[in-house]
Amino acid sequence: MKPKSAALALIKSLPERSTYEDIQYHLYVREKIERGLEAIKKGDVVSQQDAEKKVSQWLKSSGRLRR
C-alpha cells in the first residue's frame with residue numbers, strides 16, 4: 001500500500017474524537033514499523049546479544065552503569 005493510502009486508511013480507523021496529536025502519533029508509529037519491516041527484509045538487523053552489549057557500553061560510557 002502506498003504511504004498516502006495507508007495514512008488515509010489509518011486516519012479513518014481512528015476514533016472520531018482523535019486529536020491532531022493522536023493522528024501524528026499513530027502515523028509516526030506506523031512509519032517506524034514500516035521502516036523496521038523493510039530493515040528486516042534487507043537483513044539490516046542486530047542480534048539481541050549485540051544490542052544488549054551496545055546498550056551496556058553506552059551506559060558505562062555515560063557513567064550510568066557501574067560494574
Side-chain angles (χ1 to χ4, degrees):
M1 186 178 291
K2 293 188 178 193
K4 183 177 177 180
S5 298
L8 289 171
L10 183 141
I11 291 168
K12 287 178 182 180
S13 74
L14 295 174
E16 197 62 36
R17 68 188 194 299
S18 296
T19 65
Y20 285 118
E21 190 173 294
D22 295 334
I23 294 166
Q24 288 175 318
Y25 172 77
H26 283 85
L27 288 171
Y28 172 82
V29 170
R30 171 70 186 251
E31 188 229 349
K32 294 301 176 186
I33 291 170
E34 293 292 331
R35 281 189 184 191
L37 292 172
E38 284 299 315
I40 291 169
K41 284 181 187 176
K42 293 177 183 177
D44 188 15
V45 295
V46 177
S47 71
Q48 180 71 28
Q49 184 178 8
D50 288 345
E52 289 174 4
K53 188 176 177 181
K54 283 186 178 187
V55 169
S56 179
Q57 290 170 347
W58 292 334
L59 291 173
K60 285 178 187 176
S61 69
S62 70
R64 294 179 187 210
L65 182 66
R66 301 186 201 287
R67 286 190 185 177

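Residue numbers run from 1 in the order of the sequence given.
Y25 and I11 fall into different hydrophobic clusters, defined by Ile, Leu, Val, Met, Phe, Trp and Tyr side-chain heavy atoms under 4.5 Å apart, directly or through other members. Cluster membership for L37 and Y28, using ILVMFWY side-chain heavy atoms within less than 4.5 angstrom, is shared.
At a threshold of 4.0 Å, the pair R35-E38 does not count as salt-bridged, since none of the basic side-chain nitrogens sits closer than that to a carboxylate oxygen.
The shortest distance between side-chain heavy atoms of K53 and Q57 falls below 4.5 Å. Annotation: side chain of S56 is in contact with side chain of K60 (closest heavy-atom distance under 4.5 Å).
Interatomic distance, CG of L10 versus CD1 of I23, reported as 9.0 Å (0.5 Å rounding).
Nearest heavy-atom pair, V45 versus A39, reported as atom, atom and distance to 0.1 Å: CG1-O, 4.3 Å. A6 and R30 get closest at one heavy-atom pair: CB-NH2, 3.7 Å.
In this structure T19 satisfies the side-chain hydrogen bond (donor to acceptor under 3.5 Å, both in side chains) test together with D22, sequence neighbours excluded.
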